[in-house]
Amino acid sequence: MSVCNYYISILSFLLALLFGINNVLSKPEEYKTYIVHLDHSLKPSSFLTHETWHQTILKSLSKPVHGKEMLLYSYNHVMNGFSARLTPSQVSKLKKSPAHIATHEEKIGKLFTTHSPQFMGLRHSSGLWNASSYGEGVIIGMIDSGVWPESESFNEKGMPPIPTRWKGKCQNSTTNPFPCNRKLIGAQVFIKGIQAADESDSPDDSPRDFLGHGTHTSSTAAGNHVPGASQFGYANGVARGIAPGAHVAMYKVSSGGFIAESDVLAAMDQAIADGVDIMSLSLGFDHVPYFQDVIAIASLSAIEKGIFVVCSAGNDGAPNTTFNSAPWITTVGAGTLDRSFIATVTLGNDLTLEGQSKFPDRVLVVDTLLYYGKGDFEKSCSDGALNVSEVFGKVVMCDNNGSDTIFEQVRELARVEALAGILIADETLYNIDELEIPSLILPSSSGALIRKYAIEAADDASVKIMRFVLTSFGTKPAPQVAFFSSRGPDPVNPNILKPDIIAPGVEVLAAIPPIVSVEQFGNYDLGSDYAFLSGTSMSAPHVAGVAALLKAVLPEWSPAAIRSALMTTAYTVDNNGTTLTNQFTSLSGTPLDYGAGHINPNKAMDPGLIYDIDWQGYVDFLCGLGYNDTEMKAILRQSKWSCSQEGTDINYPSFVAMFSADSPNVKNFTRVLTNVGDDQSVYQLITETSQGMTIKVEPTTLTFTSKYQKQKFAASVQMNRKAPPVAYGYVKWIDQNNHIVASPVVVLNS
């Protein structure tokens, strides 16, 4: 290379470097959404509203941009502050304001995606339904994906007038009319944050539900009576919510499955202002400390105003995955129902067998040859293993060959134009409504009987009849803990047992928009007015409905009192008489799986005693977590508070004792019980323990002489150093009227 060319190349490199640096320096900063906490006591008196103050603050950060364009929401109830689109340099400037408390970048979360009232023991003639008039006069606020107002579940037949205290509204879009009535009394939209994050695909700004999630959860909580509801004939009967007499208000925060913190805060803020009694959220964000958790912060504000807040525990299924776990939130896991969807087959020898099926058509397969196959067992119904000439128009039995799923086997049956399939699987399967041809799934024990018959009958083997679209009740064991239901210990604070309880969350039938595809059949999308969905998203509205019933009967009860009643009366034994088990493994569960147990609504109406918690109780709990002043201000919305105790012990209806190798092997607790039963009551202590733990309680007798009288007791949990990683037991108080006030005690040994 010549000297001249060398210097030219050096010069080119320097120019390119200079050009690149200039590009970096001149590149505009990216706008992101931030949640900003302010000290409202520093608002100048010249501003009539917080919103005008917030707009002025934002205008001062960037002259060319109008504050109103940057501002997404101004919050009045859930926190003191706002959410806005800001650059990092604007955030830095904002933090210099004397009124600034804390700021964090918004996070994106997700939604956690009939017969259940009867399974929970609700009856027309007696119990909680009868006493509460089905929840009449109570308002349930749903924070979800919208609602389909034309669904029959939201008809106003038999509904009382809208409560005069209601301040909400029905938001209409410019292109899509949205009718409200005495059942669906309000619907509003809060999707500015998710739209700014480009995670929204909503066709308009209507509260209308285009996902199906919000319609399903709302009708589960408080849908009206609808006869003849089913999904393609399965579970046919009267659909109704848990509190069919309650009113529903929808606060839409999602249009595409994702949610933004700013939107959820705004929706909860509005729900508080509107006057809801119950708030239900089947959604969540990543695990963060309470002072950064927008649902925890907003829920604490709601609890302060007497609003019961219930949230899904999440669908991650594994230990240490519970969401929405602040102790003022009622956190709900999912359980199964005692209902199954079946088909039957009667063979040529008159043997009739029953198995799983959700084929979406009431087809009959009559007097048809049965093909079992020839040759290699391991390749039974594998891709390409069958010949059209041998199986066309026949019922084909496929062995569980260990390598192909039933879905792959059915694709092979469809390829060779089999008339129907008999498949073998010993576990409960899901998405079986997606099978392409009429198919029946049997356990291996039944499969052995068919195999024996097919071999003996050879070419004469036949099926007399196969019947589909059948629903069976009384399935055992039930309930079980759903395989997907998030389990404790809680990742944010393992000292609080979460979930609190479980409720039906597997294949729950409820309303859905008719424009949403329920399943595919061949090349066609199938729609329905009612559909099965599974998830803790489905279990939370069951609890919201029960809370509405309790609120109607006992309006003076605090949210903590309602949660206590639900927890201490829950049951932990299934319809086989054994401890609740895991849905897939069938192994016995622990309170880390199911909390206090499965919800038992009628018992919750008369719990005998409650563990109540007032505002100061939650403040003391937060004080014990060691949060600094900035963090306490963010969650309490107050500049002053007092801490009246040390430690994080709280008057909760459950106990968690954590031990490590270098910690003392005794954990002490104090609890206060309030009598909500008979004036004259005497409760005796019963403790139950498992290997490796001891529970001691003083006193062992609690005597009450009046209603609402309080009595204190102290409990100590001692761990044996050879204890397993998880042990559990119960503290139970039993009176002369057979009230059983049960609290789980979990020992974690690390």
Modelled atom types, side-chain donor and acceptor of [X] and [Y], under 3.5 Å:
{"X": "S219", "Y": "Y530", "result": "no"}
{"X": "D426", "Y": "S444", "result": "yes"}
{"X": "S282", "Y": "T217", "result": "no"}
{"X": "N315", "Y": "T536", "result": "yes"}

Hey, does the side chain of [X] reach the backbone of [Y] with a donor-acceptor pair shorter than 3.5 angstrom?
{"X": "T321", "Y": "A318", "answer": "yes"}
{"X": "S534", "Y": "E507", "answer": "yes"}
{"X": "S357", "Y": "L440", "answer": "no"}
{"X": "N602", "Y": "L128", "answer": "yes"}
{"X": "T405", "Y": "E408", "answer": "yes"}
{"X": "Q691", "Y": "P724", "answer": "no"}
{"X": "T215", "Y": "G212", "answer": "no"}
{"X": "S486", "Y": "D316", "answer": "yes"}
{"X": "N324", "Y": "S312", "answer": "yes"}

Test applied, side chain to side chain contact (heavy atoms under 4.5 Å, CB included); reference residue, L353; option that passes from I450, I422, T344: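 Among I450, I422, T344, the one meeting side chain to side chain contact (heavy atoms under 4.5 Å, CB included) with L353 is I450.
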Crowding at NZ, K107 (>12 non-hydrogen neighbours, <6.0 Å):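 More than 12 within 6.0 Å, yes.
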Enclosure of K603 NZ (heavy-atom neighbours >12, cutoff 6.0 Å): no
Results of side chain to side chain donor-acceptor pair (under 3.5 Å) for T581 - residues two or more places apart only: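 Counting only residues at least two positions away or on another chain, T581 forms a side chain to side chain donor-acceptor pair (under 3.5 Å) with Q480.
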Partners meeting side chain to side chain donor-acceptor pair (under 3.5 Å) with S254 (sequence neighbours left out): none
Pick out which of H213, H216, K252 makes a side-chain hydrogen bond (donor to acceptor under 3.5 Å, both in side chains) with D144. H213
Test side chain to side chain contact (heavy atoms under 4.5 Å, CB included) applied to D593 and L580, step by step: CA-CA 9 Å; D593 305 312; L580 299 178; over 6 Å; no
Please determine if K157 and E152 form a salt bridge, counting it only when a charged side-chain N lies under 4.0 Å from a carboxylate O. no
If the threshold is 4.0 Å, N to carboxylate O, is there a salt bridge linking D383 and R411?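 No salt bridge links D383 with R411.
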Determine whether F232 and S528 make a side-chain contact, defined as any pair of heavy atoms from C-beta on separated by less than 4.5 Å.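 F232 vs S528: side chains touch.
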Considering residues at least two apart in sequence or located in another chain, which fulfil the ring-ring contact (aromatic ring centres under 6.0 Å, His included) criterion with F468? F359
